[in-house]
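To find a chain, count down the sequence lines: A is the first, B the second, and so on, and within it residues start at 1. Small disclaimer: the values here were computed from a predicted structure and weren't measured.
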Amino acid sequence: MDRGSNYNPTGPIDKSRVLDVKPLRSLKPIFSPQMGSSQTGPFPGVPPTGPFAPGGPSFFPFASGNESQRASGFANVIPSPVPLNSFRTPDTQYSNGNAGPSKTRGRPRKGRTEDDYGASDLGENLDDPSSGRKQRGSSHKRAKGPANLSSVQVSIDDTLDQFLRAFKLTALESHQQADGNKELVARVLLTYNLFRRRLFQICEAKEDIPGGTNRPDLKAATTLMNKGARTNSTKRVGPVPGVEVGDIFFFRMEMCMVGMHAPTMAGIDYMTVKLSADDEPVAVSVVSSGGYEDDGEDGDVLIYSGQGGVQRKDGQIFDQKLERGNLALEKSLHRANVVRVIRGVKDVPNGTGKIYIYDGLYKIHESWVDKGKGGCSVFKYKFVRVPGQPEAFTLWKSIEHWKAGSGTRIGVILPDLTSGEETLPVSLVNDIDDEKGPAYFTYSSTLKYDKPFDLPVPSSGCACHGGCQAGDANCPCVQRNEGFLPYNSLGVVLNYNSLIHECGSSCLCPPNCRNRVSQAGLKVRLEVFRTKDKGWGLRSWDPIRSGMFICQYAGDVIDASSIMDLGSEHEEYIFDATRAYPSLDYTSNGSAEVPFPLVISAKNTGNVARFINHSCSPNVFWQPVLRDSGDKTYLHVGFYSIGHIPPMQELAFDYGIPKSDRAALRRKRCLCGSLNCKGYFY
DNA sequence: GCCCAATCAGGCTA
DNA sequence: CTAGCCTGATTGGG
């Protein structure tokens, strides 16, 4: 019921009596509150129909069918990597007016950590005590390779243009910028994240490049938005087309770009609606991320604090005023309008970062004035979630309980089907039917090569005792990856090469080197679960960032020529790199294939990857990864997320198309259920 | 239209 | 690890 101290049971008070306020001009509801109306549908009272309710389900008559089908399949639109020679070409070959040192902003670059997500765990347990926690400062900078500034600038521009072209965002129609849809939102966010990561990778490797930044999140967003690559820029009360309840974001700018929440810092977003006589502000969304003392009785209630009203360092105290966002919330309360709520939670693996969860539509039930710390007056608003929406924030709370072992999770068959083989347990869960588990197999987290199947790649290990450093031109591992480290410290791939060269056994770097991601094991808590109609599948309790490593494909490497003879029951657990995969087709234009015909059977021995199902709209893709072992180099297959994946969403990748006609005859009915499902897979 | 203030970021340092 | 400083970007409002 009441939550006690903060709660004022006397109900809303007359704020104008207490504070310096603008008068509420009209309290007559624009829309009838509809609280007890007989309206049907999942969101009673939503939207507040009328002149300013463009939200809600829409048809997209302008979306070209085949274009949307093509573009939402991430894999076939991955831009090719910037060729290495673009960093070596003299300036004179380019006539780009932006190139040239004269355009540089003279801002001195500061020292920075190895990634854009705060402190890294690198540098701990180092042999070399003098290196300290982090390689920083002049010695580190001097180690960086000579950067050809202008050509790097060109490559940043080129990279962006490639992304924009690949995702067909070069010339968005104005109606597409104003009103989005799911496919468009996905394209904008994917482009943003690919560019942001690539931008970070380039900037951390080279000093003082024009357009360089220590805030790739901001830089990438402004660049994209300046080119018109955004959507849902029309503010609206109610749902945002293309964003679903439970969707997650890792940066405020992401929400800005897709019309979820426009302000870059402020917690309350509102719009001014035209009335017959006056303009009135109406709230559209709030972000609750711990800046104030927000609280709620349970997952469906949020006590939100108004904006402003701080206690300054000099001791001066400012009360909150009933203006701007606070006034808008007050109006939304009186109009009984819905407000989108975004919950910010701490990103545990990152530490300093936050994850923003879209928790759906809420209504403000009451407001009051409270005394905040320091004694200033603070507005409080009680948000109550509109019933009937999919679970979002409460799901996160449940997962916390599962992890702590305090919650009862129904349908758990095994707490850890890997029997400790993996770094993290993997639950086996069935809350669908009576199946007791998948057919017997031996769990193994590694890939087994029977025959020496090595590649003629001369491997000379690095000597980076403190872990490989971005921009270290002397590191052979950096060189093999075209001058960059392929991952950040969270295990996120930063760009898309046809091959990732990880450090191997001949390298002297420690096991927690940034370039040993796929060999370091699981980083997210996975579960094998019973799907409704596709057998067993794989999903994650933890949120997964765009580009993050998920797992490798373990099993037995088998002879590619024998794949034709395998029985159909065998091919259920086959990974076949010789198939045509959309992503590989795109990045390579057909030329750069996997170095040798790698086929893996996980029928008898395998890991979690054998449970990943096919989807025509995948959220996971794979990349070949090279690791050396002694004097031999072995190929592995790493799985990475395409976009951000909320907890408990099934992981799936595109199984590709077999190149042999015989195998192609064995097509199976696809049950992925996506809008652009081809209807079958192999 | 220009400028500026306000703001539940996010990186970095002490 | 946390508090605080610093740069930063959008948008509303004057």
Next on the checklist: Any carboxylate oxygen within less than 4.0 angstrom of a Lys/Arg side-chain nitrogen, looking at A:Lys403 and A:Asp542?
Outcome noted: yes

Excluding sequence neighbours, so at least two apart, what forms side-chain hydrogen bond (donor to acceptor under 3.5 Å, both in side chains) with [X]?
X	result
A:Tyr362	A:Arg343, A:Asp359
A:Thr231	none
A:Trp396	none

Under 4.0 Å between any heavy atoms, over every strand shown, what does [X] touch: base, sugar-phosphate, or nothing? Just pick one.
X	result
A:Tyr270	sugar-phosphate
A:Gly308	sugar-phosphate
A:Arg230	sugar-phosphate
A:Asp269	nothing
A:Thr222	sugar-phosphate

Next on the checklist: B:dA9, OP1 or OP2 - any side-chain N/O from A:Tyr356 closer than 4.0 Å?
Outcome noted: yes

Checklist entry - Does a nitrogen or oxygen in the side chain of A:Lys354 sit under 4.0 Å from OP1 or OP2 of B:dC8? => result no

Checklist outcome for this item: By salt bridge (charged side-chain N to carboxylate O under 4.0 Å, His left out), A:Asp347 pairs with (sequence neighbours left out) A:Arg545

Next on the checklist: Wobble G-U and Watson-Crick pairs count when both distances are under 3.5 Å; given that, what is the 5' to 3' dot-bracket string of DNA chain C, with | for pairing to other strands?
Outcome noted: .||||||.||||||

Item to check | Sequence neighbours excluded - salt bridge (charged side-chain N to carboxylate O under 4.0 Å, His left out) pairs with any residue from residues 485-495 of chain A | outcome: none

